[in-house]
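Here the structure is laid out as structure tokens; the discussion comes afterwards.
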Amino acid sequence: MAENDKEEFSFIKEKIKEKPINKKRTLLKCCFTVFLAALFGFVACLVFTLMQPVMEQWMHGEEEEHRISLSEGNTETESQEDVQIPGTMEQESTGESDTLETDFSQMTVEDYQKLQSKLYAIGAQANRSIVTVTGVKNDTDWFNTSYESQGQSSGIIIANNGPELLIMTEKKVIEDVTAIRVTFINNVTVDAGLKKYDGNTGIAILSVPVGFLDDATKDRIAIANLGNAMAEMPGSMVIAVGSPLGNTYSILTGSITSTGNCISTYDSDYSIFTTDILGCSDSNGVLLNLNGEIVGVIMQDYSNNDGNTLTAVSIADVKNIVEMLLNNQSIPYLGLKVATVTSDIQEEYDIPKGIFIKQVALDSPALNAGLQNGDVIIEMNGEAVETIQEYRSALMGQSVGDTIRIKVMRQGAEGYTEVSCHVEVGVLK
């Protein structure tokens, strides 16, 4: 019995040995794991690289793809030759030194009529870019009866970003409206939306989905071209289109009488062209050169209130603003009316050289930061500024919400002292 028990429980005395480690197999497994990790990293890197453009386009939309950049047209085109005054071509070819008076004396009534007809032909071609903008408001009368009122102005087709047709007009026409309608040259009317506007200049950009337009309308309309406004001088012939007399698609011709005037607004000065073209208080539209390119913008807020002739803001001064609005960007705003302290002013009035603050707008970022009338700006973000152009360039390089470090010289009882302010860039509504 005891012997049987000994045999029955003999397994308890058996010694269990661990399986020996196969170093070669373990090494192979480690190498295979490392290989899989490297392969996974390579595939992930490859997929990320290939998908990055797609993801950026998906996250940022079509902003970069359809970014609009306005460029000036070439001033040396055949259009200038088309409106050549009779007699001058002959003078150039023969080398004769006849005076200008002699050339004009050779012109007949028919020559003047041909010249005028060619000028109107340029305006008629430009009218393809003109639209009628209608702002619709819902009002009530004394008897609480609802009715619809409309205000109209002209607009100009300034760009096409692919999905949208973009139109430049004045914000005051579409302010506080319930609907915006755009009528093209072929009398087709579609609904439009406000894309962006600048509260300082009053320039607004409307958008019309391209899908709203039929093929006939697409064939009739055209995109306006920008000209070199800096090349214009007193005596240059110009054509006014839009609503120079309050009626859309009217065409007026004349010449620039002066280019040295300017209008001071918050954060900038704008050069003004004065003309001998008859205008009115409701005038708006654009000035064209003889190539049919825009050189000036006619706006009611900058009209000549002292006379009855048209004035226009140089397109060179507002081009950057229009381009930013077209790309749905807000215009940086501090709220300062400024002037350049020239060397003569510095010597005569003992004022530090820089940008003199003439006025600080109420409830503006500049006022909230502590800037005052009479301060002289000498630095912005560590860069010296001495002209309005440098001030504006420094401001336009910022985005809404950025903080600008502005260093000014402030007059006190003991003369000018240096003061630093931090101004958060805002936007004027």
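Residue numbers start at 1 and run along the sequence shown.
D375 and Q372 are not linked by any side-chain donor-acceptor pair at a separation below 3.5 angstrom, with hydrogens and angles left out of the test. Side-chain contact of S250 with N247: a donor-acceptor pair under 3.5 Å is absent, judged by distance alone. For T274 and T257, the side-chain atoms include at least one donor-acceptor pair closer than 3.5 Å.
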Give the table of side-chain donor-acceptor pairs shorter than 3.5 Å for residues 352-359, with sequence neighbours excluded, one pair per line with atom names and distance.
{"from": "K353", "atom 1": "NZ", "to": "S343", "atom 2": "OG", "distance (Å)": "3.4"}
{"from": "K358", "atom 1": "NZ", "to": "S264", "atom 2": "OG", "distance (Å)": "3.4"}
{"from": "Q359", "atom 1": "NE2", "to": "Y266", "atom 2": "OH", "distance (Å)": "3.2"}

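Looking only at side-chain heavy atoms (C-beta outward), V341 and Y349 stay at 4.5 Å or farther from each other. Between I294 and L226, the closest side-chain pair of non-hydrogen atoms falls below 4.5 Å. Using a 4.5 Å cut-off on side-chain heavy atoms (C-beta onward), V297 and M168 make contact. N381 places a side-chain heavy atom less than 4.5 Å from the side chain of Q398. The shortest distance between side-chain heavy atoms of V376 and V408 does not fall below 4.5 Å. With contacts defined as side-chain heavy-atom distances shorter than 4.5 Å, the pair I351/Y416 qualifies. Residues S314 and F273 meet the side-chain proximity criterion, which asks for heavy atoms closer than 4.5 Å. For the pair V360/L336, a side-chain contact is recorded, criterion being any heavy-atom separation below 4.5 Å from C-beta on.
In this structure, the separation between CD1 on I406 and CG on L371 is 5.5 Å, given to the nearest 0.5 Å.
Here the closest non-hydrogen pair linking T275 and T309 is O-CB, 3.3 Å. Of all heavy-atom pairs spanning V400 and S330, the tightest one is CG2-CB, 3.6 Å. Considering all non-hydrogen atoms of both residues, D267 and P332 come closest at OD2-O, 4.4 Å. The two residues V188 and D214 make their nearest non-hydrogen contact at CG2-OD2, 4.5 Å. Here the shortest heavy-atom pairing between A124 and I251 reads N-CD1, 3.5 Å.
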Step-by-step side chain to side chain contact (heavy atoms under 4.5 Å, CB included) determination, Q152 to V133: CA-CA 6 Å; Q152 287 189 342; V133 178; over 6 Å; no
Dump the intermediate steps for side chain to side chain contact (heavy atoms under 4.5 Å, CB included) on L325 and D198, then the final yes or no. CA-CA 8 Å; L325 295 176; D198 175 28; 4.1 Å; yes
Tell me, with the steps shown, if Q116 and T253 meet side-chain hydrogen bond (donor to acceptor under 3.5 Å, both in side chains). CA-CA 8 Å; Q116 193 72 0; T253 62; 3.1 Å; yes
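Of the possible donor and acceptor atoms, none in the side chain of N187 sits under 3.5 Å from a partner among the backbone N and O of T183.
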